[in-house]
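Below is one structure, written out as structure tokens; comments come after it.
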Number of protein chains: 2
Amino acid sequence: MRLMPHPATEDIELTEVLRALADPVRLEIVVRLAVSGEMTCGVAGDDLGVHKSTASHHYRTLREAGVVHTKQVGRLKYMSLRRDDLDSRFPGLLDSVLNATLP
Amino acid sequence: MRLMPHPATEDIELTEVLRALADPVRLEIVVRLAVSGEMTCGVAGDDLGVHKSTASHHYRTLREAGVVHTKQVGRLKYMSLRRDDLDSRFPGLLDSVLNATLP
DNA sequence: CGTATGGTTGGATTATTGTCAAACAATTAG
DNA sequence: CTAATTGTTTGACAATAATCCAACCATACG
């Protein structure tokens with residue numbers, strides 16, 4: 001399995017997180033993860049209106065920004081929000097974004 | 001004087017705000033406004049390391065995203081954070097960003 | 001082993017963005 | 001009126017980013 005880089009908590013940069021969240025497709029992915037918890041890339045990226053390779057690029061952007069964590073189980077990859085890491089680094093940020101998105 | 005478009009509070013979009021904040025130069029401007037309150041573009045853009053025309057483009061981006069309000073007084077233009085508008089639209093967002101930025 | 005599944009990678013394309021430089025515009029000061 | 005001050009606009013350019021397509025790779029299943 002190929003190693004996927006995840007930034008350490010203390011290396012998560014505010015502007016990178018904001019940039020990652022500032023795209024409608026990625027924000028939708030984040031909202032899905034927030035609502036439903038850990039899920040496979042396939043589920044998280046279903047019906048987004050973009051090609052699967054485009055979705056894959058977005059997964060990477062989110063991962064490299066430190067927004068999501070990805071682990072491989074069998075031939076599936078599971079993504080989850082790095083809530084604790086984000087909360088400890090930027091308290092309240094993720095919650096305010098999610099509250100602004102979810103009705 | 002040329003009219004500068006400011007989005008109405010209810011028209012401020014989350015992704016636009018996030019995108020506006022996701023640039024180091026613009027974030028620095030926002031921080032200055034948060035710390036010192038209303039100031040002229042000249043002061044807000046001092047020592048940012050970019051050309052004044054570049055700074056002017058950033059002012060526009062912030063204004064059009066609904067992050068700042070600009071008014072002209074004489075030949076100066078004063079910018080201020082739209083704190084109340086942002087708070088009412090996206091509660092806690094601006095505070096969390098500022099708290100993550102200010103030591 | 002061969003094949004299907006789930007996702008990534010690389011190339012190509014197009015759109016967006018950040019930047020500077022130079023010209024411009026509006027206002028005030030002399 | 002003429003000069004200087006404050007910002008904005010326009011054009012050009014380079015860098016980034018979003019997207020699709022096709023090929024690929026790793027794993028599991030028959």
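Lettering follows sequence order; numbering is per chain, from 1. Note that these values count all heavy atoms, side chains included, but never hydrogens, waters or copies made by symmetry.
- Across Leu62(B), Ile12(B), Val68(B), a single residue satisfies side chain to side chain contact (heavy atoms under 4.5 Å, CB included) together with Arg82(B), and that is Ile12(B).
- Contact annotation: the side chain of Val30(B) approaches that of Leu94(B) to within less than 4.5 Å [non-hydrogen atoms, C-beta and beyond].
- Residue Tyr59(A) contributes atom OH, which lies 14 Å from atom C1' of dT19(D) at whole-angstrom precision.
- Contacts between residues 13-27 of chain B and DNA chain D, defined by a heavy-atom separation under 4.0 Å, are absent.
- Taking atom NE2 on His57(A) and atom P on dT19(D), their separation rounds to 10 Å, with Å as the unit.
- In this entry the distance linking CE of Met39(A) with P of dG6(C) reads 16 Å, nearest Å.
- Across all strands shown, dA15(D) pairs with dT16(C); the Watson-Crick or G-U wobble distances both stay below 3.5 Å.
- Scored by the side chain to side chain donor-acceptor pair (under 3.5 Å) test, Asp95(A) finds Arg83(A) as partners (sequence neighbours excluded).
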Next on the checklist: Could you walk me through whether Arg26(A) and Val67(A) satisfy the side chain to side chain contact (heavy atoms under 4.5 Å, CB included) test, starting with their C-alpha distance in whole Å, then the side-chain angles of each, then the deciding distance to 0.1 Å, before giving a yes or no?
Outcome noted: CA-CA 10 Å; Arg26(A) 288 192 294 263; Val67(A) 176; over 6 Å; no
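- Counting non-hydrogen atoms under 4.0 angstrom, Thr40(A) reaches the backbone sugars and phosphates but no base.
- Computed from coordinates, the Lys77(B) NZ to dA26(C) P distance equals 10 Å when rounded to whole Å.
- Partners of Arg32(B) according to the salt bridge (charged side-chain N to carboxylate O under 4.0 Å, His left out) rule, which considers only residues two or more places apart in sequence or in another chain, are Glu28(B).
- Partner assigned to dA3(D) is none, using Watson-Crick or G-U wobble distances below 3.5 angstrom.
- Thr54(A) is linked by a side chain to side chain contact (heavy atoms under 4.5 Å, CB included) to Val50(A), His51(A), His58(A), counting only residues two or more places apart in sequence or in another chain.
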Pairs under 3.5 angstrom, nitrogen or oxygen only, protein versus nucleotides 28-30 of chain C, please.
residue, atom, partner, partner atom, Å
dT28(C), O2, Arg75(B), NH1, 3.4

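- Following rounding to the nearest Å, Tyr78(A) (OH) and dG6(C) (P) show an atom-to-atom distance of 11 Å.
- Remark: nothing in residues 28-38 of chain A comes within less than 4.0 Å of DNA chain D through any heavy atom.
- When the C1' atom of dA17(D) is taken as reference, atom CD of Glu64(A) falls 13 Å away, rounded to whole Å.
- Within 6.0 Å of CG on Asp84(A) lie no more than 12 heavy atoms contributed by other residues, nucleotides or ligands.
- In this entry the distance linking CG of Leu62(B) with C1' of dT17(C) reads 14 Å, nearest Å.
- In this view, Thr101(B) and Leu14(A), Leu27(B), Val31(B), Val97(B) satisfy the side chain to side chain contact (heavy atoms under 4.5 Å, CB included) rule, not counting sequence neighbours.
- A heavy atom closer than 4.0 Å to some atom of DNA chain C occurs in Gly49(B), Val50(B), His51(B), Ser53(B), Thr54(B), these being the qualifying members of residues 45-54 of chain B.
- Sorted by first and then second residue, the ring-ring contact (aromatic ring centres under 6.0 Å, His included) pairs involving residues 72-103 of chain A (not counting sequence neighbours) form an empty list.
- Glu13(B) meets the salt bridge (charged side-chain N to carboxylate O under 4.0 Å, His left out) test with no other residue; sequence neighbours excluded.
- Following rounding to the nearest Å, His58(B) (NE2) and dG7(D) (C1') show an atom-to-atom distance of 15 Å.
- Under a hydrophobic-cluster definition in which Ile, Leu, Val, Met, Phe, Trp and Tyr are linked whenever side-chain heavy atoms come within less than 4.5 Å, directly or via other members, Leu81(B) and Val73(B) are assigned to different clusters.
- With sequence neighbours excluded, the residues satisfying ring-ring contact (aromatic ring centres under 6.0 Å, His included) with His6(B) are His69(B).
- Listed by chain and residue number, nothing satisfies the salt bridge (charged side-chain N to carboxylate O under 4.0 Å, His left out) test with Arg63(A) (two or more places apart in sequence, or in another chain).
- Counting heavy atoms from C-beta on, the side chains of Glu38(B) and Lys71(B) come closer than 4.5 Å.
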